[in-house]
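The structure appears below as structure tokens.
Computed from a prediction, not measured in an experiment: that's the story for all the values here.
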Amino acid sequence: MGHQQPKSTTAAPPLLRRIHSIDNTISLYIHTLTSPIAPRTLLRLLELFADFRFFFPVTLSLFFATPSSSPLRFHLLLSLLLCSLLDLVFIGLIKFLVRRSRPSYSSHAEYNAVVPVDKFSFPSGHSSRVCFVASIVSLSRPWILADLDRPRVIHRWIAGNEVLAVDVLIAVVWSWAITTVISRVALGRHYVLDVFFGSCFGVLEALFTLRFLQFQVFV
């Protein structure tokens, strides 16, 4: 049985073909504009840090290393682990159904797919992953604050200003997430619509996971 080719956009309705054309033009412009100024090493590091094969083992290690009495073990780390698995299945299913090819103007030889459907472009799994991480960290703010009251070393390091420390942490995580999302287009891995919908899916996955675990979330 021969290799099944990605779905072609030529059979799509005119409106979808027009949207795809605009998306391709904008994405190529961003990629061309940022390529000379964005260090490829940095883009590849962002890709690595948001990769499932890096993120999941690190999060799993933190989960087992965190004392069971810590509110972060259940409210933050467990939700990150469950959302990682949900994201892997959900994004993989959409990629399989849509089968949009990755941008042809960039080389993907150095990119090793986690699962076979990762050869497809829509939606961006890296974008969904970093956005559900940022969303869960933001919505776990009360429990992060509660945990900071426990270790005296951390308490002395932040000079008692736990609220400011957590807000800075959340801002840093969101900055990392947004930078990673943009880097997917700059690196030529994805189109703009890929990362946009991937980011939206990531936020929805975080909300679903938190609701599934019956967290009391303060937005």
Side-chain angles (χ1 to χ4, degrees), residues 38-39 41-88 90-91 124-187 195-196 198-219:
T41 302
L42 174 61
L43 299 180
R44 291 283 287 137
L45 281 175
L46 290 171
E47 182 174 71
L48 170 64
F49 292 151
D51 192 281
F52 179 85
R53 289 162 296 191
F54 176 84
F55 173 78
F56 189 82
V58 169
T59 306
L60 188 63
S61 300
L62 290 175
F63 175 79
F64 286 113
T66 303
S68 57
S69 58
S70 171
L72 294 184
R73 194 171 196 256
F74 180 79
H75 293 287
L76 176 63
L77 296 173
L78 178 61
S79 58
L80 288 176
L81 289 173
L82 293 180
C83 202
S84 295
L85 298 176
L86 171 65
D87 179 74
L88 188 68
F90 181 63
I91 298 299
S124 167
H126 281 68
S127 298
S128 64
R129 191 168 301 112
V130 295
C131 284
F132 82 61
V133 170
S135 298
I136 288 177
V137 170
S138 298
L139 296 173
S140 300
R141 183 175 181 271
W143 294 284
I144 298 176
L145 284 170
D147 198 66
L148 284 179
D149 286 334
R150 296 157 48 85
R152 296 182 178 180
V153 173
I154 296 179
H155 185 76
R156 288 198 300 268
W157 179 66
I158 61 180
N161 197 344
E162 293 88 354
V163 175
L164 177 60
V166 173
D167 288 343
V168 170
L169 171 65
I170 293 174
V172 170
V173 173
W174 271 112
S175 298
W176 162 72
I178 294 172
T179 303
T180 301
V181 169
I182 297 173
S183 74
R184 304 309 289 159
V185 181
L187 195 56
V195 301
F196 172 77
S199 301
C200 293
F201 289 147
V203 174
L204 292 176
E205 288 169 349
L207 294 174
F208 175 82
T209 302
L210 292 170
R211 179 61 62 90
F212 175 76
L213 294 176
Q214 298 180 346
F215 288 166
Q216 184 178 0
V217 179
F218 298 94
V219 182

| query | With no hydrogens and no angle check, is any side-chain donor or acceptor of Ser135 less than 3.5 Å from a backbone partner on Phe132? | reply | no

| request: Would you confirm whether His126, through its side chain, and Glu47, through its main-chain N or O, come within 3.5 Å as a donor-acceptor pair? | output: yes

Would a 4.5 Å heavy-atom cut-off, applied to side chains only, mark [X] and [Y] as touching?
X      : Y      : value
Thr180 : Ser183 : yes
Pro57  : Phe52  : no
Leu46  : Trp176 : yes
Val137 : Ile144 : yes
Phe64  : Leu60  : yes
Val130 : Thr179 : no
Ile136 : Cys83  : yes
Phe56  : Leu88  : no

| said: Classify the ring geometry of Phe49 against Phe54: parallel below 30°, tilted from 30° to 60°, perpendicular beyond 60°. | reply: tilted

| request: Over all heavy atoms of both residues, which pair between Ile91 and Ser128 is shortest? Give the atoms and the distance, please. | output: CG1-OG, 3.6 Å

| request: Please report the closest heavy-atom contact between Ser68 and Arg73, naming both atoms and the distance. | output: CA-CD, 3.5 Å

| said: If you apply the rule side chain to side chain contact (heavy atoms under 4.5 Å, CB included), what do you find for Trp174 with Ile170, and how did you get there? | reply: CA-CA 6 Å; Trp174 271 112; Ile170 293 174; 3.7 Å; yes

How many angstroms lie between atom [atom1] of [X] and atom [atom2] of [Y], to the nearest 0.5 angstrom?
X      : Y      : atom1 : atom2 : value
Leu48  : Thr41  : CG    : OG1   : 12.0 Å
Leu86  : Ser79  : CG    : OG    : 12.0 Å
Asp87  : Leu82  : CG    : CG    : 12.5 Å
His75  : Ser70  : NE2   : OG    : 9.0 Å
Leu78  : Thr59  : CG    : OG1   : 11.5 Å
Leu139 : Leu207 : CG    : CG    : 6.0 Å

| task | List the steps, then state whether side chain to side chain contact (heavy atoms under 4.5 Å, CB included) holds for Ser124 with Val181. | result | CA-CA 9 Å; Ser124 167; Val181 169; over 6 Å; no

| So, Asp167 and Arg141, do they make that salt bridge, N to O below 4.0 Å? | yes

